[in-house]
Amino acid sequence: MKIVTCVAPVNIAVIKYWGKRDENLILPINDSISASLSTDIMCAKTTIMASPLLKENKFWLNGREQTFDSPRFSNCIKAIRARCDETLPQFNWKISICSENNFPTAAGLASSAAGYACLVHALAQLYEIKGEISDIARQGSGSACRSIYGGWVQWHKGDLPTGADSIATQIAPADHWPEMRIIVLVVNDCRKKYSSTSGMKTTTETSTLVKFRAESVVNQRAKAMKKAIEDKDYESFAEITMKDSNQMHAICLDTFPPCVYMNDTSHAIVNLVHSYNEYKKGQKVAYTFDAGPNACIYLLQSEVEQFISVVNHVFPKPADIDAVEYYRGL
Ligand code: 2P0
């Protein structure tokens, strides 16, 4: 019998992944960059047991039994097993997988990235696979490849039709920028109207703006973001983060029919951040929004107390913002 347990972090993108060039292999149309949150606070956790005594494969996610039928799930298992030494005894044993997320669903953060990264990492441990696995995590959920690493991570779109070079690499470890924090402003914890997967598909099929982004904007922006992170240049980091979030949501509106993820409260948060930065005479706080109305705020520790008190003043509870979740990022 062999048992492995792994944890993997949630990640929040500052250069967004939005649109695929290959739906089956999950190959993106542009590079993206994110920070992985500390696994002390929020993570996915997966335990896998392999045993010659098990009669069938089983999978539980957050306490509920799942089938092995989902194409993405089975693609990850097949891809991992293809790299396994078939003479290992566990290769022929049945497995039992138990996965859970320790973070509140109310945070509205994508769980699939941490979940698939954790599953793939745990399978790699089980089957004693060394080397690159982010390309396999990517086949579970694109953004999962970034959760394979901690700290600041870049997902390279790659050029090969096989996707072998569409992998994640670490730009800098978690302790590179220890003052960085992330606050999640929970605007709404309902399930999103359009999944990222279907939203991206419609965008790729209908948006002209997404082509402009891919051809003329995002490559330079990813380079500038990498430099801002390496140099710990917060002002540049903040400006690029906000511009890239805004461009992703502009592209969502340019999609036909449009994918509307941000609501009036989200836009009120955008205005609040810009007013705060104007008052502070510099970019001191940065917002970014994913496929939903909740805001992720990147800021340095020195701004946390003041910014939270401003948020609580502008959005007194109970109001539009249900909670201010404060997490130590990275
Ligand atoms: C990101 N998002 O870069 C972007 C920003 C959401 C908005 O990656 O279809 O769940 O499984 O590859 O990875 C969410 O997309 O989509 C995402 P699939 P995924 O974080």
Side-chain angles (χ1 to χ4, degrees), residues 8-37 44 70-76 101 107-120 134-149 152-158 163 166-168 171 182 184 191-205 207 210 213-214 217-218 221-222 225 240-253 255 259-262 266 286-296 298 329:
V10 169
N11 75 72
I12 296 172
V14 290
I15 297 290
K16 302 296 191 188
Y17 152 49
W18 196 257
K20 296 180 183 67
R21 63 177 203 279
D22 185 313
E23 288 281 330
N24 293 323
L25 289 170
I26 313 195
L27 300 177
I29 56 178
N30 60 268
D31 284 24
S32 54
I33 296 177
S34 58
S36 292
L37 304 196
S70 129
R72 288 174 171 213
F73 181 82
S74 59
N75 283 348
C76 286
N101 302 320
L109 296 170
S111 53
S112 61
Y116 271 110
C118 201
L119 171 76
V120 168
S134 68
D135 58 323
I136 299 179
R138 189 201 74 230
Q139 295 174 54
S141 191
S143 53
C145 71
R146 298 190 310 239
S147 280
I148 288 288
Y149 299 102
W152 300 92
V153 181
Q154 180 160 7
W155 173 13
H156 306 268
K157 74 177 181 65
S166 188
I167 58 169
I171 295 173
I182 297 170
V184 183
R191 269 187 88 80
K192 53 197 170 198
K193 218 161 139 192
Y194 333 88
S195 71
S196 302
T197 306
S198 69
M200 274 187 226
K201 186 168 188 290
T202 317
T203 293
T204 314
E205 288 163 359
S207 168
V210 80
R213 169 174 168 78
V217 180
V218 78
R221 211 172 250 179
M225 176 57 85
I240 302 167
T241 297
M242 292 187 279
K243 284 183 172 171
D244 207 62
S245 173
N246 292 340
Q247 187 170 73
M248 184 199 112
H249 289 276
I251 285 167
C252 288
L253 293 183
T255 297
C259 308
V260 182
Y261 291 117
M262 293 169 66
S266 314
Y287 53 77
T288 185
F289 294 84
D290 287 332
N294 302 327
C296 290
Y298 274 90

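Whatever order the structure lists ligands and atoms in, that order sets their numbers, starting from 1.
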Side chains of [X] and [Y], donor plus acceptor under 3.5 Å:
X    : Y    : answer
S36  : N11  : no
Q247 : R213 : yes
Y17  : D290 : no
T197 : K20  : no

Relative to ligand 1, is [X] under 4.0 angstrom through side chain, backbone, both or neither, heavy atoms considered?
X    : value
S32  : neither
S112 : side chain
T197 : both
Q139 : neither

Below 3.5 Å, N or O to N or O, backbone or side chain included: is there any such pair between [X] and ligand 1?
X    : answer
G142 : yes
K16  : no
N11  : no

Self-check item: Pair D31 + R221, salt bridge at N-O below 4.0 Å
Solution: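 Judged by the 4.0 Å cut-off on N to carboxylate O distance, D31 and R221 do not form a salt bridge.
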
Self-check item: Centroid-centroid distance, W18 to F289, less than 6.0 Å
Solution: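 W18 vs F289: aromatic centres not under 6.0 Å.
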
Quiz item: Among R138, R72, R146, whose heavy atom sits nearest atom 1 (C) of ligand 1?
Solution: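 Considering heavy atoms of R138, R72, R146, the nearest to atom 1 (C) of ligand 1 sits in R146.
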
Quiz item: Between Y261, W18, Y17, which one has a non-hydrogen atom sitting closest to atom 8 (O) of ligand 1?
Solution: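 Nearest option to atom 8 (O) of ligand 1, by heavy atoms: Y17.
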
Show which atoms of ligand 1 fall inside a sub-4.0 Å distance from at least one heavy-atom site of [X].
X    : result
A13  : 1 (C), 3 (O), 20 (O)
I26  : 12 (O)
M248 : 5 (C), 7 (C)
S143 : 8 (O), 13 (O), 19 (P)
K20  : 9 (O), 12 (O), 18 (P)
M200 : 15 (O), 16 (O)

Quiz prompt | Qualifying residue, where the test is side chain to side chain donor-acceptor pair (under 3.5 Å) with K16 and the options are T288, N30, D244 | solution =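 Of all the options given, the one that passes is T288.
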
Quiz prompt | Side chain to side chain, K157 and L27, heavy atoms closer than 4.5 Å | solution =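 No; the side chains remain at least 4.5 Å from each other.
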
Quiz item: Could you give the distance from CD1 (I136) to CD1 (I148), rounded to the nearest 0.5 Å?
Solution: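 Reported to 0.5 Å precision, the distance equals 9.0 Å.
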
Quiz item: To the nearest 0.5 Å, how far apart are CE in M248 and CG in L253?
Solution: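 Answer rounded to 0.5 Å: 10.0 Å.
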
